[in-house]
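One structure below.
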2 protein chains.
Amino acid sequence: MSYATQELIDALKAARAAKGLSQRALSKRTGVPQSHISKIETGGVDIRLSSLIELARTLDLDLKLVPCKAAAAVDSVVRSTAPAVAAMPAVKELNRTLDTVRNLRYVYPDLSELKKLQNSLQALKGLRNVGRELEALRDIGRPIRKLKQALEKLAGERQGRAEQQKATPYAARIPAEQLLALRRAVGTVQNLHNQLVDTIPEQPLPPRPAYRLDDDGANDDG
Amino acid sequence: MSYATQELIDALKAARAAKGLSQRALSKRTGVPQSHISKIETGGVDIRLSSLIELARTLDLDLKLVPCKAAAAVDSVVRSTAPAVAAMPAVKELNRTLDTVRNLRYVYPDLSELKKLQNSLQALKGLRNVGRELEALRDIGRPIRKLKQALEKLAGERQGRAEQQKATPYAARIPAEQLLALRRAVGTVQNLHNQLVDTIPEQPLPPRPAYRLDDDGANDDG
DNA sequence: CACAATTATATAGATTGGCATATCATTATC
DNA sequence: GATAATGATATGCCAATCTATATAATTGTG
């Protein structure tokens with residue numbers, strides 16, 4: 001496989017990872033079978049143009065033929081658009097929430113919902129267009145911070161009562177109400193993620209219960 | 001074939017045409033068989049990435065994967081590099097010569113050498129790096145303008161003599177000397193073209209007779 | 001250890017890629 | 001003016017390889 005080819009394939013792979021899409025999820029969106037995506041990413045197959053374009057489109061990438069002379073300038077332009085997002089307040093909010101979650105996970109390391117939440121947020125961070133979703137991100141972060149406060153208060157109370165905390169299954173360590181809130185948060189994040197990954201025919205972003213409706217989305221599995 | 005695919009193929013085709021390369025010439029340079037190039041350009045075949053990259057490379061194009069968001073900016077950059085050439089004095093000289101030739105063709109519409117010359121000049125215009133060849137272009141334009149003057153003088157003389165101009169074959173309407181000069185001009189232009197298309201292992205540009213030496217070059221046929 | 005999700009492999013079928021050649025256009029020669 | 005010749009592009013045929021369906025290996029989780 002030529003260098004240029006490898007470079008393109010790597011870019012595709014990176015883009016998929018940045019969006020937090022699994023090969024299967026990407027497959028569903030593109031119509032390109034998952035097994036192909038696997039081969040493409042690993043096996044150095046000489047992919048056909050239609051497949052490449054399908055994959056690129058779904059990853060919000062455009063395949064362009066630019067004069068070599070302009071290649072450097074183009075790279076510069078591309079670089080200048082991507083990290084612009086990183087400086088925006090939306091990402092700051094996102095990072096803040098991510099910190100909160102990491103903090104929570106330190107206290108509740110076995111809570112799978114927290115891990116899921118962290119992963120979803122991380123995936124969200126990889127999306128280019130997340131920068132415009134400040135409000136949505138605040139709506140996500142606020143309840144999570146509230147949740148953290150509630151849990152801290154709870155921990156304080158429990159400390160007084162000195163219960164047998166280790167024996168109880170970890171999921172039971174926090175009241176059902178908070179657990180539900182947590183799951184709702186995961187759902188909201190993944191919902192937003194799906195919205196941003198690209199316009200998919202699904203219900204708008206207002207929080208929905210945590211149960212599944214379909215399995216088209218990326219990673220929005222239980 | 002998808003729209004995006006078609007667009008890329010068209011771009012390739014245009015790039016080839018702009019370089020004045022025949023399918024066969026491109027084939028020689030890329031290793032991609034001419035029959036494929038034909039199929040690619042016409043038959044809507046789902047070309048493989050390696051072929052696409054080979055063709056692109058030879059046409060001085062880079063295949064880039066850019067975020068859709070940055071696509072417009074990239075287009076702008078590409079546009080801004082290409083026509084920069086169009087404003088340069090070298091291109092002005094080229095256009096001047098082209099005008100002269102068009103003018104001549106109006107008077108001698110059947111003279112195949114003139115058509116060839118015009119085509120060669122047009123192909124030259126499509127080359128990115130022609131902008132640096134002001135002197136060479138002047139060397140081309142000067143004899144052509146001189147040729148035109150000579151022919152105009154000749155036409156004036158003939159008008160007086162009132163010969164049967166229509167009956168004589170068109171090639172005979174101008175004296176052998178001028179015809180030779182014309183052919184020399186064609187050769188010079190195509191020579192320069194070959195030089196610029198990209199560095200190919202051939203003799204340098206000093207004017208050579210119009211006969212063929214090999215068939216590797218683009219269009220440097222008789 | 002079972003279960004689920006993600007990724008990799010195997011075999012069957014479709015299509016490209018390459019070779020030889022046909023078609024079409026233009027030029028040269030008689 | 002007809003015909004041959006040169007060059008450019010398009011079309012059949014066959015091997016090579018990609019794409020697709022199904023399945024297996026791998027990894028993480030409870």
Side-chain angles (χ1 to χ4, degrees), chain A residues 1 5 9 13 16-17 19-28 30-55 109-116 118-119 123 169-172 190 212 215 217-222, chain B residues 1 5 9 13 16-17 19-28 30-55 109-116 118-119 123 167 169-172 179 183 186 190 210-212 214-222:
Chain A
M1 175 147 52
T5 305
I9 297 302
K13 203 163 156 182
R16 179 177 71 79
K19 290 217 166 205
L21 289 172
S22 71
Q23 288 183 350
R24 183 168 304 283
L26 185 57
S27 163
K28 278 234 170 150
T30 55
V32 178
Q34 175 269 326
S35 64
H36 275 198
I37 300 179
S38 169
K39 274 191 187 166
I40 290 166
E41 290 186 355
T42 66
V45 297
D46 206 351
I47 183 180
R48 288 178 183 153
L49 181 56
S50 64
S51 300
L52 177 58
I53 288 186
E54 268 321 298
L55 293 172
D110 297 329
L111 207 52
S112 73
E113 278 82 0
L114 275 179
K115 189 189 175 188
K116 228 171 271 179
Q118 182 175 343
N119 285 340
Y170 39 79
Q190 293 183 340
R212 306 289 323 292
D215 74 329
N219 287 350
D220 58 351
D221 40 22
Chain B
M1 177 146 52
T5 306
I9 297 302
K13 205 163 155 183
R16 179 177 70 81
K19 289 217 166 206
L21 290 172
S22 71
Q23 290 183 349
R24 183 169 304 280
L26 185 57
S27 163
K28 279 229 170 153
T30 55
V32 177
Q34 176 271 324
S35 64
H36 276 199
I37 299 179
S38 170
K39 280 179 190 167
I40 289 165
E41 290 186 356
T42 66
V45 297
D46 208 352
I47 185 180
R48 284 178 190 155
L49 182 56
S50 64
S51 300
L52 177 59
I53 288 185
E54 265 322 297
L55 293 172
D110 298 327
L111 207 53
S112 72
E113 279 83 359
L114 275 179
K115 189 187 173 189
K116 228 172 269 178
Q118 182 174 344
N119 285 341
Y170 40 81
L179 194 61
R183 290 194 175 133
V186 174
Q190 294 183 340
Y211 46 72
R212 305 288 324 292
D214 62 79
D215 75 329
D216 170 82
N219 286 350
D220 57 351
D221 43 17

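We use all heavy atoms of the structure for the numbers below, so side chains are in, but hydrogens, waters and symmetry mates are not. Naming convention: chains lettered A, B, ... in sequence-line order (proteins, then strands); numbering from 1 in each chain.
- Protein atom CG of A/Leu21 is 10 Å distant from nucleotide atom P of C/dT6, rounded to whole Å.
- Atoms CD1 (B/Ile9) and P (C/dT16) sit 12 Å apart, rounded to a whole Å.
- Using a 4.0 Å cut-off, no side-chain N or O of B/Arg24 falls inside it from OP1 or OP2 of D/dA10.
- Atom CG of A/Leu52 and atom C1' of C/dT16 are 16 Å apart (whole Å).
- Across all strands, B/Ile37 comes closer than 4.0 Å to no nucleic acid atom at all (heavy-atom distances).
- For B/Asp46, counting side-chain heavy atoms from C-beta on, the closest listed nucleotide (C/dT16, D/dA20, C/dG18) is C/dT16.
- Considering only heavy atoms from C-beta on, A/Ile40 comes within 4.5 Å of A/Leu55 through its side chain.
- Between the NZ atom of B/Lys28 and the P atom of D/dA8 there is a distance of 10 Å, rounded to whole Å.
- Mapping B/Arg48 and B/Ser38 onto DNA chain D by nearest heavy atom places B/Ser38 at the nucleotide closer to the 5' end.
- If you check D/dA8, C/dT11, C/dT16 against the side chain of B/Ser22, the one that comes closest is D/dA8.
- In this model, no side-chain donor or acceptor of B/Gln34 finds a partner on the base of D/dA8 within 3.5 Å.
- Atom-to-atom, CG of B/Leu26 to C1' of D/dG7 comes out at 16 Å; the value is rounded to the nearest Å.
- Regarding A/Ile40, its CD1 atom lies at a distance of 14 Å from the P atom of C/dT7, rounded to whole Å.
- Rounded to the nearest 0.5 angstrom, B/Thr30 OG1 and B/Gln23 CD are separated by 10.5 Å.
- Counting to the nearest Å, the P atom of C/dA14 and the CD1 atom of A/Ile47 are 21 Å from each other.
- Atoms CG and OG, from A/Asp46 and A/Ser51 in turn, are 11.0 Å apart once rounded to the nearest 0.5 Å.
- Atom CD1 in A/Ile47 sits 5.0 Å away from atom CG in A/Leu52 (nearest 0.5 Å).
- We find the NZ-CG distance between B/Lys28 and B/Leu21 to be 13.0 Å, quoted to the nearest 0.5 Å.
- Look at NZ on A/Lys39: it is 8 Å from P on D/dC18, rounded to the nearest Å.
- For A/Ser35 against D/dT21, a side-chain-to-base donor-acceptor contact under 3.5 Å is present.
- Residue side chain A/Gln23 does not reach the base of C/dA8 through any donor-acceptor N/O pair under 3.5 Å, judged by distance alone.
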